[in-house]
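Only heavy atoms go into these numbers, but all of them, side chains included; no hydrogens, no water, no symmetry mates.
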Amino acid sequence: MKNNIADSINGEITQKILDLHLINNIKESNLKIKYLNAKTKFYENQIQLLKESKPLKFRKKALKQYYEQITEYEQKIKNNYKEIEEEFKSISQIHENIKS
């Protein structure tokens with residue numbers, strides 16, 4: 001009888017520890033999402049600054065660098081959005097694990 005009670009208590013403790021670990025993972029994912037949002041805003045601001053100081057058409061080399069930088073920043077923004085999507089999927093999966 002005492003063994004069953006001890007096993008039950010140990011099982012509950014183990015479940016609570018797992019739930020706390022999952023909640024901690026959610027908090028980490030939220031922090032990562034905030035970080036990725038900040039990075040995305042930074043790249044958007046960089047693009048805006050580039051557009052405000054766009055080189056004239058006759059400066060071919062500067063214009064080429066301008067378009068390359070914009071393309072690079074846009075690609076980084078896309079990558080950030082993909083990472084954010086993955087984090088949301090991860091959080092969703094963690095919520096499912098907590099419920100079951």
**Item:** Linked hydrophobic residues, Leu31 as query - side chain contacts closer than 4.5 Å
**Value:** none
**Of all pairs that satisfy salt bridge (charged side-chain N to carboxylate O under 4.0 Å, His left out), the ones with a partner from residues 37-49, not counting sequence neighbours** = none
**Asked** Tell me the side-chain hydrogen bond (donor to acceptor under 3.5 Å, both in side chains) pairs involving residues 69-80, sequence neighbours left out?
**Response** Thr40-Asn80, Glu72-Lys76, Gln75-Asn79
Atom pairs and distances, side-chain donor-acceptor, residues 17-28, under 3.5 Å, sequence neighbours left out:
unit_1, atom_1, unit_2, atom_2, d
Asp19, OD1, Gln15, NE2, 3.1
Asn24, ND2, Glu28, OE2, 3.4

**Item:** Contacts of Glu52 that satisfy side-chain contact (heavy atoms from CB on, under 4.5 Å) - sequence neighbours left out
**Value:** Gln48, Leu49
**Message:** For residues 53-67, which residue pairs pass the side-chain hydrogen bond (donor to acceptor under 3.5 Å, both in side chains) check, not counting sequence neighbours?
**Reply:** Lys54-Tyr67
Return a table of donor-acceptor pairs under 3.5 angstrom between the side chains of residues 86-93 and protein atoms on other chains or two or more places apart.
unit_1, atom_1, unit_2, atom_2, d
Glu87, OE1, Ser29, OG, 2.8

**Request:** Any chance you could measure Tyr35, atom OH, to Ile84, atom CD1, to the nearest 0.5 Å?
**Result:** 11.5 Å
**Message:** So, using side-chain contact (heavy atoms from CB on, under 4.5 Å) as the criterion, who are the partners of Leu56 when residues are at least two apart?
**Reply:** Phe58
